[in-house]
Amino acid sequence: MKHIENNKLELANNNNSIDKINNLVNLIKNYLSGEEINLYQKINNLDIEISFEKKFPTVFAQKVMKFLIENVQYGKTTTYSDIGEAIGSKAFRAIGNVMKSNPLPLIIPCHRVIRKNGGLGGFMGKMDKVWQTNLKLTLLKLEGSR
DNA sequence: TGCATAATAACGA
DNA sequence: TCGTTATTATGCA
């Protein structure tokens, strides 16, 4: 009997792909129900590798991502120009481009990046009053930033 | 290389 | 508030 329990334990610790996906789904559910969780951190804890370094081969893009993940936590917002200042660049527009090519929205919080003048900015490649942009606003409201 | 593009910002009228 | 320009990384030809 003991070996069965051990097997169960092993299975639980083994974290196969299905387990990981279920965990991920639960995380996102919790997040969407208003729980203040740092998705990127939690996912790292789940031993799910999100190698955005591969997706962003340039130093510039990696700086942007790093800044986002390390400094823009739940409920915080930043602006395109803030990021530029933080990474020593004036390429505000280019930063927007990096966001657009973000393969993991939500997890890499590009929805927390807004315009300096208080406007929303775009989301998922769209600029204005489309569902993607409304989703951005919804997420910010969820986090209490708006 | 050179050019067009972009989820920007700042300025003038 | 609208139009124009400044400015920079990226992708593609």
Side-chain angles (χ1 to χ4, degrees), chain A residues 7-146:
Chain A
N7 281 343
K8 274 187 186 170
L9 201 62
E10 243 177 56
L11 198 63
N13 287 336
N14 193 10
N15 260 357
N16 60 38
S17 300
I18 303 278
D19 287 334
K20 287 186 182 180
I21 290 172
N22 282 334
N23 286 333
L24 183 58
V25 169
N26 282 332
L27 269 185
I28 294 174
K29 272 187 189 169
N30 289 341
Y31 169 74
L32 290 181
S33 67
E35 205 172 302
E36 290 195 23
I37 55 182
N38 181 335
L39 279 180
Y40 180 81
Q41 231 169 44
K42 290 282 186 185
I43 287 167
N44 264 342
N45 292 342
L46 286 182
D47 192 28
I48 295 175
E49 190 190 347
I50 40 183
S51 55
F52 63 89
E53 280 98 348
K54 261 185 196 169
K55 194 70 186 176
F56 300 103
T58 63
V59 180
F60 176 76
Q62 285 183 19
K63 274 190 193 167
V64 174
M65 290 302 138
K66 199 170 178 227
F67 174 79
L68 266 188
I69 290 164
E70 291 180 355
N71 298 294
V72 191
Q73 309 289 343
Y74 190 104
K76 284 189 185 177
T77 57
T78 187
T79 67
Y80 296 100
S81 59
D82 278 345
I83 296 175
E85 203 175 321
I87 66 176
S89 166
K90 292 173 188 166
F92 319 117
R93 310 184 73 171
I95 292 169
N97 284 341
V98 175
M99 299 302 177
K100 188 175 60 174
S101 60
N102 173 11
L104 305 166
L106 276 189
I107 298 166
I108 296 173
C110 38
H111 61 280
R112 299 189 188 127
V113 185
I114 58 181
R115 276 179 175 245
K116 195 173 195 180
N117 64 8
L120 254 196
F123 193 48
M124 292 169 72
K126 304 294 180 184
M127 289 271 317
D128 192 38
K129 290 186 176 174
V130 285
W131 71 266
Q132 285 97 328
T133 310
N134 285 326
L135 174 60
K136 180 175 186 177
L137 179 61
T138 303
L139 291 171
L140 289 175
K141 279 184 176 170
L142 175 72
E143 298 186 355
S145 302
R146 281 274 164 131

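Hydrogens, waters and symmetry mates are skipped; everything else that's a heavy atom, side chains included, is used.
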Exercise. Tell me: CG of A/Asn117 to C1' of B/dT8, nearest whole Å?
Worked result: 9 Å
Exercise. Whole-Å distance between B/dT8 C1' and A/Asp128 CG?
Worked result: 15 Å
Exercise. Would you say A/Ser145's side chain and A/Gly75's backbone share a donor-acceptor pair under 3.5 angstrom?
Worked result: yes
Exercise. Reckon A/Gly125 touches a base, only the sugar-phosphate, or nothing at all at heavy-atom distances under 4.0 Å?
Worked result: base
Exercise. When you look for runs of 3 or more Watson-Crick or G-U pairs in a row, both distances below 3.5 Å, which of them include DNA chain B?
Worked result: B:1-6 with C:8-13, B:8-13 with C:1-6
Problem set entry | Whole-Å gap separating P (B/dT8) and NZ (A/Lys116) | 14 Å
Exercise. With a non-hydrogen cut-off below 4.0 angstrom, is A/Thr58 in contact with a base, only sugar-phosphate, or nothing?
Worked result: sugar-phosphate
Exercise. Counting only N and O atoms by type, is there a donor-acceptor contact under 3.5 Å from the side chain of A/Lys20 to the main-chain atoms of A/Leu46?
Worked result: no
Exercise. So do the side chains of A/Tyr40 and A/Leu68 get within less than 4.5 Å of each other, counting heavy atoms only?
Worked result: no
Exercise. Do A/Asn71 and A/Thr78 have side chains that get closer than 4.5 Å, going by heavy atoms?
Worked result: no
Seminar exercise, completed: side-chain contact (heavy atoms from CB on, under 4.5 Å) with A/Val64: of A/Thr58, A/Asn102, A/Ile87, A/Val113, only one passes, and it is A/Ile87
Exercise. For A/Met99 and A/Ile83, what are the C-alpha separation, side-chain angles and deciding distance, and is it a side chain to side chain contact (heavy atoms under 4.5 Å, CB included)?
Worked result: CA-CA 11 Å; A/Met99 299 302 177; A/Ile83 296 175; 3.7 Å; yes
Exercise. Base, sugar-phosphate, or nothing for A/Phe60, non-hydrogen atoms under 4.0 angstrom?
Worked result: sugar-phosphate
Exercise. Between A/Ser101 and A/Phe56, is any pair of side-chain heavy atoms under 4.5 Å apart?
Worked result: yes
Exercise. Judged by atom type as modelled, is there a donor-acceptor pair below 3.5 Å linking the side chain of A/Lys136 to the main-chain atoms of A/Leu120?
Worked result: yes
Exercise. Is it true that a side-chain atom of A/Gln73 and a backbone atom of A/Glu70 form a donor plus acceptor pair closer than 3.5 Å?
Worked result: yes
Using a cutoff of under 3.5 Å, can you pull out all pairs of nitrogen or oxygen atoms linking the protein to nucleotides 4-6 of chain B, with atom names and distances?
from, atom 1, to, atom 2, distance (Å)
B/dA6, O4', A/Asn97, OD1, 3.3
B/dA6, N7, A/Arg93, NH2, 2.9
B/dA6, N3, A/Asn97, ND2, 3.2

For this session: Report the residue from A/Leu139, A/Asn38, A/Ile107 that forms a side-chain contact (heavy atoms from CB on, under 4.5 Å) with A/Tyr31.
Result: A/Leu139
Problem set entry | Derivation and outcome, side chain to side chain contact (heavy atoms under 4.5 Å, CB included), residues A/Lys42 and A/Asn30 | CA-CA 12 Å; A/Lys42 290 282 186 185; A/Asn30 289 341; over 6 Å; no
Problem set entry | chain A footprint on DNA chain C, 5' to 3' - any atom under 4.0 Å from a heavy atom | C/dA6 to C/dT10
